[in-house]
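First the structure, in the form of structure tokens, and then the observations on it.
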Number of protein chains: 4
Amino acid sequence: MAKNKKQDILKAAANLFSSQGYNNSTTLQIAKEARVTEPLLYYHFQGKEEIFTTIIQEAFQEYVRQIHSLPGNTKTEFEKIASLIRLHMHIGETDSPDFKLIMSNCPSKLVSKKHACRDIQQKQQEIVSSYIRDCLEAGNAKGEFEAQPVDHMTLILLSLINEFLYMKIMSKKQFQPDEQSVMEFCKRSLLPS
Amino acid sequence: MAKNKKQDILKAAANLFSSQGYNNSTTLQIAKEARVTEPLLYYHFQGKEEIFTTIIQEAFQEYVRQIHSLPGNTKTEFEKIASLIRLHMHIGETDSPDFKLIMSNCPSKLVSKKHACRDIQQKQQEIVSSYIRDCLEAGNAKGEFEAQPVDHMTLILLSLINEFLYMKIMSKKQFQPDEQSVMEFCKRSLLPS
Amino acid sequence: MAKNKKQDILKAAANLFSSQGYNNSTTLQIAKEARVTEPLLYYHFQGKEEIFTTIIQEAFQEYVRQIHSLPGNTKTEFEKIASLIRLHMHIGETDSPDFKLIMSNCPSKLVSKKHACRDIQQKQQEIVSSYIRDCLEAGNAKGEFEAQPVDHMTLILLSLINEFLYMKIMSKKQFQPDEQSVMEFCKRSLLPS
Amino acid sequence: MAKNKKQDILKAAANLFSSQGYNNSTTLQIAKEARVTEPLLYYHFQGKEEIFTTIIQEAFQEYVRQIHSLPGNTKTEFEKIASLIRLHMHIGETDSPDFKLIMSNCPSKLVSKKHACRDIQQKQQEIVSSYIRDCLEAGNAKGEFEAQPVDHMTLILLSLINEFLYMKIMSKKQFQPDEQSVMEFCKRSLLPS
DNA sequence: CATGAATGAGTATTCATTCAT
DNA sequence: AATGAATGAATACTCATTCAT
């Protein structure tokens with residue numbers, strides 16, 4: 001009953017931040033939403049900023065966990081890439097809204113401060129990039145893929161994944177391509193015809 | 001030199017909005033940056049919101065102009081798509097920072113108000129989509145492209161363009177694929193091998 | 001066509017002042033209502049305050065004119081008092097809304113400045129008082145009235161007149177006694193039974 | 001001494017509102033007068049308007065209390081009316097300046113909003129009216145008064161009371177009739193000669 | 001006469017944060 | 001662990017007034 005309040009605060013804040021943005025969510029709103037008084041926020045956290053930081057860091061850990069639990073022992077490298085894409089096309093469906101916060105723009109107020117937010121976004125891109133790169137290199141080595149410059153292909157696949165993720169997060173359904181056709185497309189681009 | 005204070009205001013505001021975000025840019029900052037007093041903002045505009053709206057609407061007009069001035073009489077449909085992609089990979093390079101504002105997330109404060117911001121972003125996606133679709137259909141008709149479902153291909157190309165644009169706007173250079181390899185990639189995906 | 005604008009300003013201001021109060025009427029509103037630009041107000045008047053002063057002074061002159069044109073050669077003194085009461089029970093019916101301004105509370109902003117407003121209200125009370133007193137004294141002399149202390153009766157009649165005026169001005173119709181019964185009442189109070 | 005800052009605010013505001021008017025009293029002034037910072041006003045109240053509303057509502061409650069504590073078991077009905085008049089001729093003498101606020105014109109800004117202010121003034125008139133009417137009817141029944149139409153007499157007495165109150169509140173001493181002569185006057189009007 | 005442009009001094013209100021308990 | 005009360009520093013916006021033309 002006592003420990004929960006800290007979690008309540010985080011949950012309330014995550015909901016508000018992701019639905020209204022960091023700036024438009026006030027500490028009072030967070031407190032009310034968490035059925036808690038304002039000073040308690042300051043008992044558990046240094047301030048509004050730390051609440052935000054905590055949320056995205058926890059969300060990022062969960063994200064990393066999900067990346068790491070992607071199947072490692074697939075027959076083809078393409079399957080690995082496919083599962084990576086699939087993960088990003090369905091992110092947040094079963095989870096909290098916190099993912100939105102990692103991926104959306106960092107609150108401008110925090111950007112200038114070299115805030116964790118930037119770091120996390122940077123790292124997220126790197127994780128995805130190197131995941132893709134590894135697959136491509138392995139696939140090339142095996143002769144699975146039509147040999148393409150790995151760097152370029154990595155960036156292009158990264159772009160696609162980023163955008164699918166963005167559209168998912170922003171709920172822009174009418175512009176979200178369906179999974180099947182995305183897979184076909186990638187297959188055509190990567191595998192020898 | 002002193003006559004166009006209204007323009008000075010718009011310029012100052014565009015700079016601030018695009019670098020710090022709408023919420024973090026105060027009317028006082030805008031006034032100072034424009035070397036003008038605050039009430040003048042309210043003489044020329046209804047308020048902060050109208051300044052923002054004016055900027056993105058003007059920027060959108062310029063964007064539409066650029067789309068319309070893409071070459072129409074190319075030999076192949078692919079060339080048209082290529083020029084569309086190229087436009088988005090280089091947007092804002094010679095122009096004002098205003099483009100950033102159209103494409104980035106609308107200020108959360110305004111989203112709820114059915115603000116012009118949302119409309120413009122919607123329209124922008126539709127313009128690009130239908131441009132791509134037209135090219136694809138024409139190309140398919142001519143037998144230029146390997147026949148693929150037009151709808152799916154449209155959304156995938158839209159995703160790519162969006163992301164190139166986003167990376168350009170956010171100046172995420174290290175994740176921006178280079179133009180040449182993007183073109184190669186698209187060619188492989190669209191043209192018969 | 002040219003001279004009128006000054007009058008237009010006064011008219012517009014009088015309307016606004018009497019309907020919304022002095023403080024809540026802005027110079028911009030006055031200018032717009034008068035179909036004139038703001039600086040013209042300052043060409044014709046020293047400022048908002050002078051506009052107000054002009055209005056109430058003109059309205060007061062008109063008021064004095066009406067008092068002076070009350071019938072002087074009546075058979076009885078009571079008739080004179082009756083016509084005075086009648087005047088105040090119907091004030092503003094055929095005239096401009098300016099009367100409201102003389103009689104309502106002066107704008108607090110101006111009170112502190114020993115503004116004309118106060119003077120005028122003071123004078124108005126004095127005019128009515130001495131009109132009543134004269135009638136009472138004459139009536140007493142003639143034996144028309146039951147001899148009552150003139151000072152006290154004056155103040156009581158003044159109170160009644162003030163309140164009828166106030167209710168008229170504030171359009172509190174449900175609390176306005178009708179003319180006939182007021183006359184009866186006064187007759188009973190003044191004339192010997 | 002420091003606990004009741006909320007009361008300090010109400011007191012300071014009541015003083016300022018009644019001496020300078022609602023519009024001319026700024027939240028900063030109120031805060032300073034109450035030896036408090038501005039945001040505290042907003043901690044205890046929703047805003048300037050709520051401060052005003054609170055004041056007049058409390059003052060009205062006190063007014064109603066005073067009306068209800070007028071002697072009920074007098075020998076004559078006239079005595080009741082006399083005590084009602086007396087109450088209004090001396091209002092505010094021992095109490096706070098808040099009474100002024102109920103009776104004076106509502107701030108124009110608030111009138112348009114169907115503010116409590118209007119309601120209260122309406123109710124006040126109704127309370128006084130029905131008090132008078134009850135006395136008159138009882139007095140007529142007993143044969144105490146010379147039978148006059150009750151409705152008309154009610155409105156005339158209401159007018160007198162209103163005006164005495166107004167003059168008291170506005171401190172227009174030179175136009176305030178003295179109590180003794182008012183009573184004589186009413187007696188003559190109501191009682192059979 | 002007339003006005004477009006411009007401003008100094010406010011003005012109610014908000015917000016993250018802190019202090020005493 | 002928790003809170004009621006309090007505040008410094010903004011923050012968008014307003015208004016009477018003036019200046020150059």
Side-chain angles (χ1 to χ4, degrees), chain A residues 1-6 9 22-31 35-51 109, chain B residues 2-6 8-9 22-31 34-51 109, chain C residues 1-6 22-31 35-51 109, chain D residues 2-6 9 22-31 34-51 109:
Chain A
M1 196 205 258
K3 192 60 185 292
N4 284 4
K5 294 214 178 171
K6 190 169 179 180
I9 292 170
Y22 178 83
N23 272 300
N24 299 311
S25 309
T26 73
T27 48
L28 183 60
Q29 268 183 316
I30 296 169
R35 293 173 183 282
V36 142
T37 58
E38 258 184 307
L40 194 62
L41 306 188
Y42 292 86
Y43 176 78
H44 287 299
F45 304 95
Q46 302 247 8
K48 189 182 172 187
E49 199 175 316
E50 205 197 56
I51 296 176
K109 222 171 226 165
Chain B
K3 197 61 187 293
N4 275 16
K5 298 215 178 170
K6 188 172 178 180
D8 291 352
I9 292 170
Y22 178 83
N23 275 299
N24 300 309
S25 308
T26 72
T27 49
L28 183 59
Q29 268 183 315
I30 296 170
R35 293 174 183 282
V36 140
T37 56
E38 247 185 310
L40 194 63
L41 307 188
Y42 294 86
Y43 176 75
H44 287 299
F45 304 95
Q46 301 246 14
K48 191 181 169 185
E49 198 175 317
E50 205 198 56
I51 296 178
K109 224 173 224 164
Chain C
M1 194 206 261
K3 191 59 182 294
N4 285 3
K5 294 215 178 171
K6 190 169 179 179
Y22 178 82
N23 272 300
N24 299 310
S25 308
T26 72
T27 49
L28 184 59
Q29 267 182 315
I30 297 169
R35 294 174 183 283
V36 141
T37 58
E38 257 184 306
L40 194 64
L41 306 187
Y42 291 85
Y43 177 79
H44 287 299
F45 304 94
Q46 302 245 8
K48 189 181 170 185
E49 199 176 316
E50 205 197 57
I51 296 177
K109 221 171 226 165
Chain D
K3 197 61 187 293
N4 274 17
K5 298 215 178 170
K6 188 170 177 179
I9 292 170
Y22 178 82
N23 275 299
N24 298 312
S25 308
T26 72
T27 49
L28 184 59
Q29 268 183 315
I30 296 169
R35 292 175 184 282
V36 139
T37 55
E38 251 186 310
L40 194 63
L41 307 189
Y42 294 86
Y43 176 76
H44 287 298
F45 305 94
Q46 302 247 14
K48 190 182 170 184
E49 198 175 317
E50 207 200 53
I51 296 177
K109 224 172 223 165

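The sequence lines fix the lettering, A, B, ..., with proteins before strands; numbering per chain opens at 1.
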What is the distance, rounded to the nearest whole Å, between atom [atom1] of [X] and atom [atom2] of [N]?
X     : N      : atom1 : atom2 : answer
A/E50 : E/dA16 : CD    : C1'   : 14 Å
A/L40 : E/dA16 : CG    : C1'   : 16 Å
B/F45 : E/dA5  : CZ    : C1'   : 13 Å

Between [N] and [X], is there an OP1 or OP2 to side-chain N/O distance shorter than 4.0 Å?
X     : N     : answer
A/K5  : F/dA2 : yes
B/H44 : E/dA6 : yes
C/Y43 : E/dA2 : no

Scanning both residues in full, the closest heavy-atom pair of C/L40 with C/K5 reads CD2-CD, 4.0 Å
Smallest heavy-atom separation, B/I9 atom then B/I30 atom, equals O-CG2, 4.0 Å
Does the side chain of B/R35 reach to within under 4.5 Å of the side chain of B/D8, using non-hydrogen atoms?
-> no
When the P atoms of E/dC1 and F/dT21 are compared, how many Å lie between them, rounded to an integer? 23 Å
Note: for A/R35 and D/T37 on DNA chain F, the residue whose nearest nucleotide lies more 5' is A/R35
5' to 3', nucleotides 14-21 of chain F under a 4.0 Å protein heavy-atom cut-off (B base, S sugar-phosphate only, - none) gives BBBBBB--
So the stems of DNA chain F, runs of at least three Watson-Crick or G-U pairs (under 3.5 Å), are E:2-21 with F:2-21
side-chain hydrogen bond (donor to acceptor under 3.5 Å, both in side chains) pairs touching residues 36-49 of chain D, sequence neighbours excluded, are D/T27-D/E38, D/E49-D/K113
Taken to the nearest 0.5 Å, the spacing of C/N24 CG from C/Q29 CD works out to 8.5 Å
